[in-house]
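Chain identifiers are assigned alphabetically (A, B, ...) following the order of the sequence lines, protein sequences preceding nucleic acid strands; residue numbering begins at 1 within each chain.
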Protein chains: 2
Amino acid sequence: MLKREYEGQNCSIARTLELIGERWTVLIIRDAFLGVRRFEDFQNELGVARNVLSTRLTRLVDEGILEKRRYQERPARYEYRLTEKGIALWPVLISLVKWGDRYVSPAGPPRLIVHRGCGGEVNDHLSCERCGKPLGARDVEARPGPGAKAAAA
Amino acid sequence: MLKREYEGQNCSIARTLELIGERWTVLIIRDAFLGVRRFEDFQNELGVARNVLSTRLTRLVDEGILEKRRYQERPARYEYRLTEKGIALWPVLISLVKWGDRYVSPAGPPRLIVHRGCGGEVNDHLSCERCGKPLGARDVEARPGPGAKAAAA
DNA sequence: CACAGTGAGTTGCTTCAAGCAACCCAATGT
DNA sequence: ACATTGGGTTGCTTGAAGCAACTCACTGTG
């Protein structure tokens with residue numbers, strides 16, 4: 001990435017990208033939304049180098065996007081969870097998914113984001129396709145879509 | 001960035017990031033939304049190295065996100081414009097802006113995205129705060145916000 | 001005519017982030 | 001006693017990004 005900062009840009013997009021624009025960061029956050037919590041699991045899902053994963057997680061914790069919690073003493077075991085600030089990134093992830101589904105998923109969406117209970121898909125305006133309700137991160141769940149193949153990550 | 005591809009990820013987010021996840025790419029697209037069209041202007045706005053700008057623009061054209069048009073013969077002059085596929089990235093940009101406005105803009109939003117004519121701001125569900133209409137890229141315009149300082153990019 | 005300027009890049013060198021593998025440590029299981 | 005698991009760190013290598021200089025085609029100015 002080199003530098004990571006975009007100097008001289010007074011812009012919310014640039015400042016957001018300084019936090020989450022590095023390689024792997026968004027995928028780490030995606031996995032966090034999908035319920036991944038532990039170092040090893042992130043590493044296995046992503047195949048990212050361990051040192052890179054380590055620096056990314058620490059940075060996300062420093063920025064208040066993830067929080068690190070010891071969920072077990074002796075042996076010490078940690079988990080990383082999204083904070084409110086992290087959960088607020090949900091619209092970013094959803095809009096990336098929707099664009100990708102439309103333009104770069106020839107086999108159909110690998111994963112569907114549906115309104116929990118209702119079953120309708122999220123649309124471009126972050127509402128339920130079926131019932132029309134505006135949706136947030138906690139109202140939805142992910143399901144394998146038509147483009148999901150064996151062992152999809 | 002190294003590699004740029006996220007192998008083994010059957011995921012729309014990963015595939016989208018393979019196209020727009022490199023450093024500078026999103027800011028180039030942002031500027032395109034703001035009306036920047038020419039090589040020199042992108043370079044001046046962003047301060048990106050010219051060779052990097054060159055490779056990014058070519059890649060975005062190859063991927064069908066921008067199109068390169070000769071708008072003048074003799075001397076040949078080119079402009080880069082968003083295609084439909086590029087314009088479809090609007091929700092991604094807006095959600096980055098909204099998150100950045102909330103979490104990393106202490107002086108207030110540097111730029112407001114408002115419903116053209118109506119004047120209401122875009123909200124998190126890509127609708128107009130004031131009149132409630134669902135909005136698209138063509139329905140809005142950017143204005144300096146409270147966080148805009150002199151010579152903001 | 002000579003010369004400066006502009007638009008749109010390309011070339012070449014340097015630097016720093018990412019990839020990769022190996023290693024460490026503490027505890028637990030067998 | 002030995003292997004395994006979780007959660008990392010260290011060290012070397014590779015390759016993307018920064019930077020400056022250069023090219024090339026044309027245009028306008030004195």
Examine D:dG8: is either OP1 or OP2 under 4.0 Å from a nitrogen or oxygen in the side chain of A:Ser54? Give yes or no. no
Hey, is CZ on A:Arg70 packed in by over 12 heavy atoms from elsewhere, all under 6.0 Å? yes
Got a sec, which residues hit ring-ring contact (aromatic ring centres under 6.0 Å, His included) with B:Phe39, two or more places apart in sequence or on another chain? none
In whole Å, what is the span from the CG atom of A:Leu27 to the P atom of C:dG19? 11 Å
Is the NZ or CZ atom of B:Lys68 both under 6.0 Å from the centre of the six-membered ring of B:Tyr80 and within 45° of that ring's axis? no
Answer whether the closest heavy-atom distance between the side chains of B:Pro110 and B:Pro144 falls below 4.5 Å. no
Residue mapping more 5' on DNA chain C - nearest nucleotide basis, B:Asp41 or A:Val48: B:Asp41
Distance in angstrom units between B:Glu22 CD and D:dG15 C1', rounded: 12 Å
Find the distance B:Asn44:CG to C:dG7:P and express it as a whole number of Å. 9 Å
NZ on A:Lys85 to CH2 on B:Trp99, rounded to 0.5 Å: 5.0 Å
Gap between atoms CG and P, on B:Leu53 and D:dA16 respectively (whole Å): 18 Å
Nearest-nucleotide 5' precedence on DNA chain D, A:Tyr80 against A:Asn51: A:Tyr80
Over all strands shown, is A:Arg70 touching base, sugar-phosphate only, or nothing at heavy-atom distances under 4.0 angstrom? nothing
When you check the phosphate oxygens OP1 and OP2 of D:dG18, does a side-chain N or O of B:Arg23 lie under 4.0 Å from one of them? yes
Pairwise N/O distances under 3.5 Å, protein to nucleotides 4-6 of chain D:
{"unit_1": "D:dG6", "atom_1": "OP1", "unit_2": "A:Arg38", "atom_2": "NH2", "d": "3.4"}
{"unit_1": "D:dG6", "atom_1": "O4'", "unit_2": "A:Arg77", "atom_2": "NE", "d": "3.1"}
{"unit_1": "D:dG6", "atom_1": "O4'", "unit_2": "A:Arg77", "atom_2": "NH2", "d": "3.1"}
{"unit_1": "D:dG6", "atom_1": "O3'", "unit_2": "A:Arg77", "atom_2": "NE", "d": "3.3"}

Distance, rounded to the nearest Å, where A:Leu46 contributes CG and C:dG19 contributes C1': 14 Å
Is B:Arg56 paired with B:Glu63 through a side-chain N to carboxylate O contact shorter than 4.0 Å? no
Can you tell whether the side chains of A:Arg69 and A:Glu79 come within less than 4.0 Å, N to carboxylate O? yes
How many whole angstroms separate atom CD1 of A:Ile28 from atom P of D:dG8? 12 Å
Is the shortest side-chain N/O distance from B:Trp24 to OP1 or OP2 of D:dA16 below 4.0 Å? no
